[in-house]
A.B. asks: 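Here it is, the structure in full.
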Amino acid sequence: MSDTPKNTQTVHASFAAKLTAILGALEGDGILPADTPHRGVTVEPPRDPSHGDLATNAAMVLAKQAKTNPRALAEKIVEKLSADPDVSSAEIAGPGFINMRLEPSVWIAELHAIAAMGDTYGQSSMGEAQDGKRARVNVEYVSANPTGPLHMGHCRGAVVGDALASLLEFSGHDVTREYYINDAGGQVDVLARSAHLRYLEALGEDIGDIPEGLYPGDYLKPVGAALAKAHGDAFKSAPEAQWLETFRTGAVNEMMELIRSDLALLGIEHDLFSSEAALHVAGKPDAAEKWLRDHDLVYDGVLEAPKGKAPPEDWEPVELPLFRSTQFGDDQDRPIKKSSGAWTYFGADLAYHFQKAEKADAMINIWGADHAGTVKRIKAAVAALTKGAGREIPFDVKLVQMVQLMRDGEPLKMSKRSGNFVTLADMIEEVGKDVVRFTMLSRKPEAQMDFDFAKVVEASKDNPVFYVQYAHARIHSNMRKAAEEGFAASDEHIDQLGTEELELIKQAAQFPRLVEAAASAREPHRIAFYLYELAGAFHAYWNLGNTRVDKRFIVAQNPEISGARLFLSEQLGQTLRNGLRILGVQAVEEM
RNA sequence: GCGCCCGUAGCUCAUCUGGAUAGAGCGCGAGACUUCUAAUCUUGAGGCAGCAGGUUCGAGUCCUGCCGGGCGCACCA
């Protein structure tokens, strides 16, 4: 692959370029005004394939600027398109669409491009600036509290974030996968106390039931044991103040180890783990507060009582440093510090995001839908801080909706309080990494989804994961069989490929533009749906061979067509593989 | 009460950032194959895209209002 041509053009990229050139020429002809913006102009396959291979709406979009009607402008464009040897026909349809059919040689060339690019087919440079520098995108995901193992609730965000990161990488971005460790709030003190109890247990004390308010899970037993081993009975009857910090640090470290190993089961590895505690030590929140106060975005004020439902019984008005998030559409100004003087989560979080922004050209957070209420304030605060620093960057928060666990159509109940919840590790053990990943990506993230254990492990064509992997495995086993029978893939006679085969190439050829669209929309699930369709097209072609022996990949009496079809199937396999790699799902070679 | 997300075939979901006659799978109807290119195949019916307006050459897609479902509404994280 060392001789991979760097700028091998894919069909869709090259036709987009051709259209741009034609529109430029029309400017030269005086038909379009100089420097006409091409906003909204698209070149894409029409939904209805009977309309042709490619369609453009250019005439409709630009008619106004050309001071003419769409069809008249379309004629000018068609005139130039028709002169292109790759275009077998170009015609005007409907309100002014231009439909094109391309010469078979174009699709054959695409097949060569897939072969030449191999693992890089579908990659793009959309993340690269003019000077070739890749945009730095920070994707923060998971960021679960370090108080226990990951459970189902974390799973979807983890997979979506990871696939999005891969998708952006594949599209030429310089991606940092980041995990924010909330190791500074009250919940880690609770963790430390819970660990202390398990420490006493490990020293042989009878601890009885775990008191309300502490973490009951068994996963803390080894933590207690490790602490007992490290410290002996030094903290057995010591006051909390003497051991809290030690136990907090120790327990958080253990929990992060646990979480890392859970993530590894999903095939996820973050580049960067940022500690909230370290942020405080570095004085970042103080710096942020100072800047915000200087710019009148933080003031001392009294928080309103909660609206709607009855206010908490212990509610009393207190003066707190408030961020003016109402200026940015929030319901309420939000406190950055508690009455105790400690930072609120939000106070630390805005400083954290400001820190991330320094080393990124864009930031994306993947959050659970239960954090939806905090999006406005953090976006507002980050916008203010980065703007103030003279470098405002795009900052998206993608909300991932809840997953309802099901078994045979019945919702699965779980209670976090009792420590009785489905852990990520359990789930992966039961259904496997690939199933979890693919299933989590087979629904747009902002919609709720059901995850039925019984359905997702089913090995039939009704199960998308299986269906896509099966296509890849089928290609592989067919290649093996071909080799045994003395056939080999060869591009020597690929011009003999017929209509059905060209249709397959056309579908594979969608991959690069689909990747770009998915990357710019930040929607990795589109890749999953595309792969399902591509696999479907492959299976359909394969099934043709059931009744028509002449349509099989291996035709005994015809090594030429067999070689060409095997070459085609190799490239389909390559495309499936590239897509699956983005999703982090294994392209298996046998089922 | 307020905020965010969702609402598309009987069911589960797509619809490529506004395009042409809204597509798949399941299920249902009809047929094929009795087997290894079958962990099946072909084919048919099925829709007022929650409802009502608006924006425009064009709306499932954007805007407004309602209806229904989910999530959230601490100085928690």
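To find a chain, count down the sequence lines: A is the first, B the second, and so on, and within it residues start at 1.
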A.B. asks: Would you call A/E44-A/R513 a salt bridge at under 4.0 Å N-O?
C.D. replies: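 Counted as a salt bridge, because a side-chain N and a carboxylate O are separated by less than 4.0 Å.
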A.B. asks: Pick the closest RNA chain B nucleotide for A/L399 and for A/M402 by heavy atoms, then say which residue is nearer the 5' end.
C.D. replies: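 Checking each residue's closest nucleotide, the 5'-ward one belongs to A/L399.
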A.B. asks: Looking at A/R293 and A/E289, is any side-chain nitrogen of the basic one under 4.0 Å from a carboxylate oxygen of the acidic one?
C.D. replies: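 Yes, this pair counts.
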A.B. asks: When the distance from CE of A/M440 to P of B/U12 is rounded to whole Å, what number comes out?
C.D. replies: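 It is 18 Å, rounded to the nearest whole Å.
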A.B. asks: Give the B/S/- string for nucleotides 16-26 of chain B, one per nucleotide from 5' to 3', where a protein heavy atom under 4.0 Å of the base yields B, of only the sugar-phosphate yields S, and otherwise -.
C.D. replies: BB-BB----SS
A.B. asks: Check whether the side chains of A/Y541 and A/E501 place a donor and an acceptor atom closer than 3.5 Å, and report yes or no.
C.D. replies: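 Checked: A/Y541/A/E501 side chains pair up, N/O donor to acceptor below 3.5 Å.
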A.B. asks: Taking the side chain of A/K376 as heavy atoms from C-beta outward, which of B/G3, B/C75, B/A77 is closest to it?
C.D. replies: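 From the listed options, B/G3 comes nearest.
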A.B. asks: Compare the minimum distances between each of B/G72, B/A74, B/G70 and the side chain of A/D370, then state the nucleotide with the smallest one.
C.D. replies: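 Shortest atom-to-atom distance from the side chain points to B/G72.
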A.B. asks: Counting heavy atoms from C-beta on, name the nucleotide in B/G7, B/A77, B/C75 closest to the side chain of A/K444.
C.D. replies: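 Nearest nucleotide to the side chain: B/G7.
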A.B. asks: Give one of base, sugar-phosphate or nothing for A/Y467, where a contact means two heavy atoms less than 4.0 Å apart.
C.D. replies: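 No contact at all - A/Y467 keeps every heavy atom at 4.0 Å or more from the nucleic acid.
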A.B. asks: Could you verify whether a donor N or O on one side chain and an acceptor N or O on the other, from A/S50 and A/D48, lie under 3.5 Å apart?
C.D. replies: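 Yes.
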A.B. asks: Taking the basic N atoms (NZ, or NE/NH1/NH2) and the acidic carboxylate oxygens, is any pair closer than 4.0 Å for A/E458 and A/K455?
C.D. replies: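 The answer is no: the pair does not qualify as a salt bridge.
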A.B. asks: How does RNA chain B look in dot-bracket notation if pairs are Watson-Crick or G-U with both distances under 3.5 Å, crossing ones as [ ], other-strand ones as |?
C.D. replies: (((((((..((((.....[...)))).(((((.......))))).....(((((..]....))))))))))))....
A.B. asks: Is it the case that the side chains of A/H353 and A/N365 hold a donor-acceptor pair, with the cut-off being a distance below 3.5 Å and no angle test?
C.D. replies: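 Yes - a donor-acceptor pair under 3.5 Å links their side chains.
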A.B. asks: Rounded to whole angstrom units, what separation is found between the CG atom of A/D450 and the C1' atom of B/G70?
C.D. replies: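 About 12 Å, once rounded to whole Å.
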A.B. asks: Given the C1' atoms of B/G60 and B/G23, what is the spacing between them in whole Å?
C.D. replies: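 The same atom, C1', in both gives a distance of 12 Å.
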A.B. asks: Base of B/C75, side chain of A/T344 - is there a donor-acceptor contact under 3.5 Å?
C.D. replies: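 Answer is no: no donor-acceptor pair is held.
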A.B. asks: How many whole angstroms separate atom CD of A/Q448 from atom C1' of B/C13?
C.D. replies: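 In whole Å, B/C13 C1' lies 14 Å from A/Q448 CD.
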A.B. asks: Side chain of A/E446 only, please: which of B/C5, B/C4, B/A74 is the nearest?
C.D. replies: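 When the side chain of A/E446 is considered, B/C5 is the closest of B/C5, B/C4, B/A74.
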A.B. asks: Under 4.0 angstrom, heavy atoms only, what part of the nucleic acid is A/F346 near: base, sugar-phosphate, or nothing?
C.D. replies: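 Counting heavy atoms under 4.0 Å across all strands, no contact is made by A/F346.
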A.B. asks: Both A/A372 and A/V549 contact RNA chain B. Taking the nearest nucleotide for each, which residue is further toward the 5' end?
C.D. replies: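 Counting from the 5' end, the first nearest nucleotide belongs to A/A372.
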A.B. asks: In terms of the angle between their ring planes, are A/H525 and A/F529 parallel, tilted or perpendicular, with boundaries placed at 30° and 60°?
C.D. replies: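 Geometry flag for A/F529 against A/H525: perpendicular rings.
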A.B. asks: What's the gap between B/G25 and B/U64 when it is taken at their P atoms, as a whole Å value?
C.D. replies: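 One P to the other, the span is 36 Å.
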A.B. asks: Given B/C75, B/A77, B/C13, which nucleotide is nearest the side-chain atoms of A/R443?
C.D. replies: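 Comparing B/C75, B/A77, B/C13 against the side chain of A/R443, the answer is B/C13.
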A.B. asks: Using the P atom as the point on both nucleotides, what is the distance between B/A9 and B/C13, in whole Å?
C.D. replies: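 So the two P atoms sit 11 Å from each other.
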A.B. asks: What contact category does A/K551 fall into here, base, sugar-phosphate, or nothing, at under 4.0 angstrom with non-hydrogen atoms?
C.D. replies: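 Here A/K551 touches the bases of the nucleic acid.
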A.B. asks: Heavy atoms under 4.0 Å, any strand shown: does A/F529 hit a base, just sugar-phosphate, or nothing?
C.D. replies: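 The answer is sugar-phosphate, as A/F529 gets under 4.0 Å only of primed atoms, P, OP1 or OP2.
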A.B. asks: Distance between the C1' atoms of B/G7 and B/A49, in whole angstroms?
C.D. replies: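 Rounded to whole Å, the distance is 9 Å.
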A.B. asks: When the ring planes of A/H371 and A/W367 are compared, do they come out parallel, tilted or perpendicular, using 30° and 60° as the limits?
C.D. replies: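 If you compare the ring of A/H371 with that of A/W367, the planes turn out tilted.
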A.B. asks: Taking the minimum atom-to-atom distance to the side chain of A/Q401, which one of B/C71, B/C5, B/A39 wins?
C.D. replies: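 Of the candidates, B/C5 comes closest.
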A.B. asks: Rounded to whole angstrom units, what separation is found between the CG atom of A/D452 and the C1' atom of B/C13?
C.D. replies: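 In whole Å, B/C13 C1' and A/D452 CG are 15 Å from each other.
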A.B. asks: Mark yes when over 12 heavy atoms from residues, nucleotides or ligands other than A/K398 sit less than 6.0 Å from its NZ; otherwise mark no.
C.D. replies: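 Yes, the 6.0 Å shell around NZ holds more than 12 heavy atoms from other groups.
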A.B. asks: Using atom C1' of each nucleotide, how far apart are B/U12 and B/C6 to the nearest Å?
C.D. replies: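 The same atom, C1', in both gives a distance of 15 Å.
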A.B. asks: Does B/C57 have its OP1 or OP2 closer than 4.0 Å to a side-chain nitrogen or oxygen of A/K64?
C.D. replies: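 Yes, because at least one side-chain N or O of A/K64 sits under 4.0 Å from OP1 or OP2 of B/C57.
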A.B. asks: Using whole Å, report how far CD of A/Q469 lies from P of B/A39.
C.D. replies: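 Rounding to the nearest Å, CD of A/Q469 and P of B/A39 are 16 Å apart.
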A.B. asks: Looking at B/A14 and A/H525: do their rings stack (centroid distance under 5.5 Å, interplanar angle under 30°)?
C.D. replies: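 According to the criterion (under 5.5 Å, under 30°), no, A/H525 does not stack.
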A.B. asks: Could you go through the salt bridge (charged side-chain N to carboxylate O under 4.0 Å, His left out) check for A/R71 and A/E75 one step at a time?
C.D. replies: CA-CA 6 Å; A/R71 291 190 71 97; A/E75 277 173 34; 5.9 Å; no
A.B. asks: Considering only atom P, compute the distance from B/U8 to B/C62 and round it to an integer number of Å.
C.D. replies: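 After rounding to an integer number of Å, I get 15 Å for this pair.
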A.B. asks: Mind telling me whether A/Y352 and A/Y180 have parallel, tilted or perpendicular rings, with 30° and 60° as the class edges?
C.D. replies: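 Geometry flag for A/Y352 against A/Y180: parallel rings.
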A.B. asks: Measuring only the C1' atom in each nucleotide, how far is B/G27 from B/G69? A whole number of Å is fine.
C.D. replies: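 Looking at atom C1' only, B/G27 and B/G69 are 24 Å apart.
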A.B. asks: Between B/A39 atom P and A/H539 atom NE2, what is the distance in whole Å?
C.D. replies: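 The distance from NE2 of A/H539 to P of B/A39 comes to 10 Å, rounded to the nearest Å.
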A.B. asks: Suppose you measure atom C1' in B/A24 against the same atom in B/G46; what distance do you get, rounded to whole Å?
C.D. replies: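 These two C1' atoms come out 14 Å apart once rounded.
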A.B. asks: How many Å lie between OH on A/Y180 and C1' on B/A77, as a whole number?
C.D. replies: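 Whole-Å distance recorded here is 10 Å.
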A.B. asks: Under a 4.0 Å threshold between the charged nitrogen and the carboxylate oxygen, would A/E500 count as salt-bridged to A/K551?
C.D. replies: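 Salt bridge: yes.
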A.B. asks: Would you kindly give the NE2-to-P distance between A/H371 and B/G72, to the nearest whole Å?
C.D. replies: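 Result: 10 Å.
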A.B. asks: Within the 4.0 Å heavy-atom criterion, would you say A/F553 contacts the bases, only the backbone, or no part of the nucleic acid?
C.D. replies: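 The residue A/F553 makes base contact.
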